Participant: 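Below: one structure in structure tokens.
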Amino acid sequence: EAGVVQSPRYKIIEKKQPVAFWCNPISGHNTLYWYLQNLGQGPELLIRYENEEAVDDSQLPKDRFSAERLKGVDSTLKIQPAELGDSAVYLCASERQTGTGELFFGEGSRLTVL
Amino acid sequence: RKEVEQDPGPFNVPEGATVAFNCTYSNSASQSFFWYRQDCRKEPKLLMSVYSSGNEDGRFTAQLNRASQYISLLIRDSKLSDSATYLCVVNRASKIIFGSGTRLSIRP
């Protein structure tokens, strides 16, 4: 079974530039998460999808961050414009069914904003 | 105050030792609990679920105390390969919340 696939693995941009991350979850997993992880911290939830519906986006900074999960499969997270403080690892995870607690993570997209 | 609190460590113990971590959670509505493991510069992976009656998986034992709102992880006969960050995770209303992690380093 293929795991969660994320791209790009690494991205370096100047502040105020836009950036987008892509995630393809495990086939058949209905629930998809985007987390942000800073060094020395645990993952912090940005948004959770159940199929194509964003059911929890309360912690997504909506002035600059947006996400979509068209057709309830793969997902894109966008930041526009990026700020220095956005430098972090952006992790995508999928779960077969909401509430099991068994999340499968991708390798993450490491963003550096200069 | 964070909803899930952990001692960041690092815990530095010799191979073969027994080590235990605790984690506390603040919201009594939390429903289910887990330990994840994260190797350096890798993604988190589920280590084990934590059940009310306590559960064991080989050298790993997890305990839950709902009254005191804490979770523990015990590792017996530690191996060099156990070196990692251990993340305490809580499910509250389908929101999966991670602690900041406890770093463990096993020395030969």
Side-chain angles (χ1 to χ4, degrees), chain A residues 1-7 9-10 21 23-26 29-51 53-60 88-112, chain B residues 1-11 21-27 29-52 55 57 62 64 71 73 84-105:
Chain A
E1 180 179 69
V4 176
V5 179
Q6 288 189 246
S7 68
R9 289 290 313 279
Y10 304 93
F21 306 113
C23 172
N24 189 270
I26 293 173
H29 282 201
N30 296 329
T31 307
L32 183 147
Y33 301 81
W34 282 102
Y35 283 88
L36 174 157
Q37 187 172 27
N38 286 302
L39 191 64
Q41 299 296 314
E44 298 171 28
L45 180 67
L46 291 171
I47 190 167
R48 172 169 62 96
Y49 283 93
E50 289 180 16
N51 298 305
E53 183 183 357
V55 295
D56 185 355
D57 64 356
S58 56
Q59 297 184 83
L60 188 73
V89 177
Y90 291 84
L91 291 163
C92 178
S94 70
E95 187 181 23
R96 183 173 300 279
Q97 191 175 323
T98 299
T100 66
E102 187 173 9
L103 273 59
F104 294 84
F105 282 87
E107 293 180 298
S109 294
R110 184 176 296 273
L111 173 66
T112 301
Chain B
R1 187 187 168 199
K2 292 189 175 181
E3 187 164 346
V4 180
E5 298 260 22
Q6 295 184 251
D7 180 343
F11 285 65
F21 314 130
N22 287 333
C23 159
T24 58
Y25 59 96
S26 60
N27 196 317
S30 300
Q31 297 154 294
S32 52
F33 309 89
F34 310 88
W35 284 101
Y36 275 67
R37 172 195 168 124
Q38 186 170 24
D39 292 308
C40 188
R41 300 181 78 84
K42 297 285 190 180
E43 72 275 18
K45 292 183 180 178
L46 178 65
L47 178 65
M48 59 195 300
S49 301
V50 186
Y51 302 120
S52 297
N55 51 297
D57 183 0
L64 168 64
I71 306 148
L73 178 68
T85 295
Y86 291 84
L87 298 161
C88 177
V89 181
V90 161
N91 175 3
R92 173 177 57 78
S94 299
K95 178 174 269 190
I96 308 296
I97 303 161
F98 285 76
S100 295
T102 298
R103 275 180 49 208
L104 173 65
S105 178

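A quick note: this is a predicted structure, and the numbers were derived from the prediction, not measured. Below, chains carry the letters A, B, ... as their sequence lines are ordered, and counting in each starts from 1.
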Participant: For Arg37(B), I'd like to know if atom CZ has over 12 heavy atoms of other residues, nucleotides or ligands within 6.0 Å.
Facilitator: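 Counting neighbours around CZ of Arg37(B), more than 12 heavy atoms of other residues, nucleotides or ligands fall under 6.0 Å, so yes.
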Participant: Give, as side chain, backbone, both or neither, the part of Gln37(A) having an atom under 4.5 angstrom from any heavy atom of chain B.
Facilitator: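 Interface part for Gln37(A): side chain.
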Participant: Could you look at Phe33(B) and say if it's the side chain, the backbone, both or neither that has a heavy atom under 4.5 Å from chain A?
Facilitator: neither
Participant: For Leu103(A), is it the side chain, the backbone, both or neither that has a heavy atom under 4.5 Å from a heavy atom of chain B?
Facilitator: both
Participant: Which answer fits Thr31(A), side chain, backbone, both or neither, if we ask what part of it has an atom under 4.5 Å from a heavy atom of chain B?
Facilitator: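 Thr31(A) has no heavy atom closer than 4.5 Å to chain B.
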Participant: Before giving the answer on side chain to side chain contact (heavy atoms under 4.5 Å, CB included), spell out for Gln41(A) and Lys2(B) the whole-Å C-alpha distance, their side-chain angles and the decisive distance to 0.1 Å.
Facilitator: CA-CA 12 Å; Gln41(A) 299 296 314; Lys2(B) 292 189 175 181; 2.6 Å; yes
Participant: Name the region of Gln6(B), side chain, backbone, both or neither, that has any atom closer than 4.5 Å to a heavy atom of chain A.
Facilitator: neither
Participant: More than 12 heavy atoms of other residues, nucleotides or ligands under 6.0 Å from CD of Gln31(B): yes or no?
Facilitator: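 It does: Gln31(B) CD has more than 12 such atoms within range.
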Participant: Say whether, by atom type as modelled, one donor and one acceptor occur between the side chain of Tyr33(A) and the main chain of Ile96(B) under 3.5 angstrom.
Facilitator: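 No, the answer is negative, given that no donor and acceptor are paired below the 3.5 Å cut-off.
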Participant: Of all heavy-atom pairs between Leu46(B) and Gly101(A), which one has the smallest distance, and what is that distance?
Facilitator: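 Smallest heavy-atom distance, with atoms named: CD1-O, 4.5 Å.
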Participant: So which heavy atom on Gly99(A) is nearest to which on Ser32(B), and how close?
Facilitator: O-OG, 4.4 Å
Participant: With respect to chain A, which residue among Lys45(B), Lys42(B), Lys95(B) yields the maximal number of heavy-atom pairs within a distance under 4.5 Å?
Facilitator: Lys95(B)
Participant: Just wondering, do Pro43(A) and Leu87(B) contact through their side chains at under 4.5 Å, heavy atoms?
Facilitator: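 Yes - at least one pair of side-chain heavy atoms lies under 4.5 Å apart.
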Participant: Based on non-hydrogen pairs under 4.5 Å, which of Glu107(A), Arg48(A), Glu50(A) is most in contact with chain B?
Facilitator: Arg48(A)
Participant: Identify which part of Gln59(A) has an atom lying under 4.5 Å from any heavy atom of chain B, answering side chain, backbone, both or neither.
Facilitator: side chain
Participant: How far does CZ of Phe105(A) sit from OH of Tyr36(B), to the nearest 0.5 angstrom?
Facilitator: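 Nearest 0.5 Å value for the CZ-OH distance: 6.0 Å.
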